[in-house]
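Notes to accompany the following structure.
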Amino acid sequence: RHAEMAPLPSYDEVLVCTPNTEEEEVELLVRRALFPGSQDQKIYCLLGADRLVYKVSKQLEFHFFHLVHSSSIPNYRFIIFCNAKAHNSYVITAFDAYKMTFPCYSKTEIQTYLKMHLKVPSGTAPVAQAFEEPYQQNVKFVFSERAGMGK
């Protein structure tokens, strides 16, 4: 509840993982989170990290622990979100010592938070107008085969 006024993460703070997520994408996010000067009070997140393939999961573990041990940042902000039911995920096993359970929020609490943070300022055309759909939405996910292409 104390984070009700906290902003949503920006595009450079979140990586939505799929089985096609590449090692370079994961490494870039880990470097952003753990390199000096890259903090800026941001919270870096890997969403759905349990969906990473084994090779990429191993590289995530390597890059994370290598940078943690070689970095001078004492209070980094890096969160790995996994499906609790994905028992065969290497990521869940590798980071088991850091596992935390998040509090459950009601659907109403989540909707209220999102409504507060996803408002279009008056006098501005919503981004949804860029998409040819009959209904108005304020948020769209854009995925690309290439990372960092100015989305």
Side-chain angles (χ1 to χ4, degrees), residues 1-121 126-128 131 137-151:
R1 297 192 189 280
H2 63 279
E4 289 177 2
M5 296 308 294
L8 289 168
S10 62
Y11 71 92
D12 65 330
E13 295 174 76
V14 178
L15 177 61
V16 179
C17 299
T18 71
N20 297 321
T21 300
E22 297 179 5
E23 175 190 338
E24 293 81 15
E25 296 171 285
V26 172
E27 181 184 358
L28 178 61
L29 189 74
V30 172
R31 287 185 183 279
R32 284 182 189 151
L34 298 177
F35 264 32
S38 64
Q39 291 297 287
D40 301 325
Q41 300 300 311
K42 292 184 176 187
I43 301 174
Y44 294 90
C45 307
L46 278 177
L47 299 179
D50 54 283
R51 298 183 71 210
L52 294 172
V53 296
Y54 178 76
K55 180 182 174 190
V56 176
S57 297
K58 288 285 290 180
Q59 290 302 312
L60 164 61
E61 177 187 31
F62 170 78
H63 291 303
F64 176 81
F65 288 108
H66 174 74
L67 290 170
V68 163
H69 290 96
S70 64
S71 177
S72 61
I73 297 177
N75 297 315
Y76 57 86
R77 296 173 176 207
F78 184 66
I79 302 173
I80 301 173
F81 290 94
C82 294
N83 182 343
K85 296 177 183 175
H87 301 294
N88 60 345
S89 167
Y90 183 83
V91 173
I92 291 174
T93 304
F95 294 92
D96 188 61
Y98 300 95
K99 184 168 71 173
M100 294 179 66
T101 303
F102 283 94
C104 292
Y105 293 100
S106 71
K107 181 178 178 181
T108 306
E109 289 173 310
I110 293 169
Q111 287 175 332
T112 302
Y113 175 83
L114 290 174
K115 282 179 186 176
M116 181 181 356
H117 290 285
L118 298 178
K119 289 182 180 175
V120 177
V127 175
F131 298 90
Q137 293 181 350
N138 295 334
V139 175
K140 291 285 183 182
F141 283 97
V142 178
F143 293 92
S144 172
E145 294 297 317
R146 298 175 61 195
M149 298 306 295
K151 296 175 284 306

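Evaluation of the side chain to side chain contact (heavy atoms under 4.5 Å, CB included) rule for Val56 yields Val26, Leu52, Val53 as partners, not counting sequence neighbours. Phe95 is linked by a ring pair (Phe, Tyr, Trp, His ring centres under 6.0 Å) to Phe64, Phe65, counting only residues two or more places apart in sequence or in another chain. Partners of Lys99 according to the salt bridge (charged side-chain N to carboxylate O under 4.0 Å, His left out) rule, which considers only residues two or more places apart in sequence or in another chain, are Asp96. By the side chain to side chain contact (heavy atoms under 4.5 Å, CB included) test, Tyr54 pairs with Lys58, Tyr90, sequence neighbours left out. Glu23 is linked by a salt bridge (charged side-chain N to carboxylate O under 4.0 Å, His left out) to nothing, counting only residues two or more places apart in sequence or in another chain. Take Ser10 and apply the side chain to side chain donor-acceptor pair (under 3.5 Å) test, not counting sequence neighbours, and it matches Asp12, Glu13.
Taking NE2 of His63 as the reference point, atom CG of Leu28 lies at 11.0 Å (rounded to 0.5 Å). Put simply, CZ on Phe62 and CG on Leu67 are 8.5 Å apart, with the number rounded to the nearest 0.5 Å. Lys107 contributes atom NZ, which lies 12.0 Å from atom OG1 of Thr112 (distance to the nearest 0.5 angstrom). Interatomic distance, CG of Leu60 versus SG of Cys17, reported as 8.0 Å (0.5 Å rounding). The CD atom of Glu25 sits 14.0 Å away from the CD atom of Gln59 when rounded to the nearest 0.5 Å. Within the model, atoms CG of Leu46 and CD1 of Ile79 stand 10.5 Å from one another, a figure rounded to the nearest 0.5 Å.
Considering every non-hydrogen atom in both Leu29 and Cys45, the closest pair reads CD2-O, 3.2 Å. Closest heavy-atom contact between Ala49 and Ile80: CB-CG2, 3.4 Å. Shown here for Arg77 and Ala33, the closest heavy-atom pair between the two residues is O-CB, 4.2 Å.
Here the side chain of Asp50 pairs no donor or acceptor atom with the backbone of Ala86 at under 3.5 angstrom.
In this structure, the side chains of Tyr44 and Leu15 stay at 4.5 Å or more apart for every pair of heavy atoms. A 4.5 Å side-chain heavy-atom check between Thr93 and Val91 finds every atom pair outside the cut-off. With contacts defined as side-chain heavy-atom distances shorter than 4.5 Å, the pair Thr21/Pro19 does not qualify.
Counting only residues at least two apart or on different chains, no salt bridge (Lys or Arg N to Asp or Glu O under 4.0 Å) pair has a member in residues 78-90.
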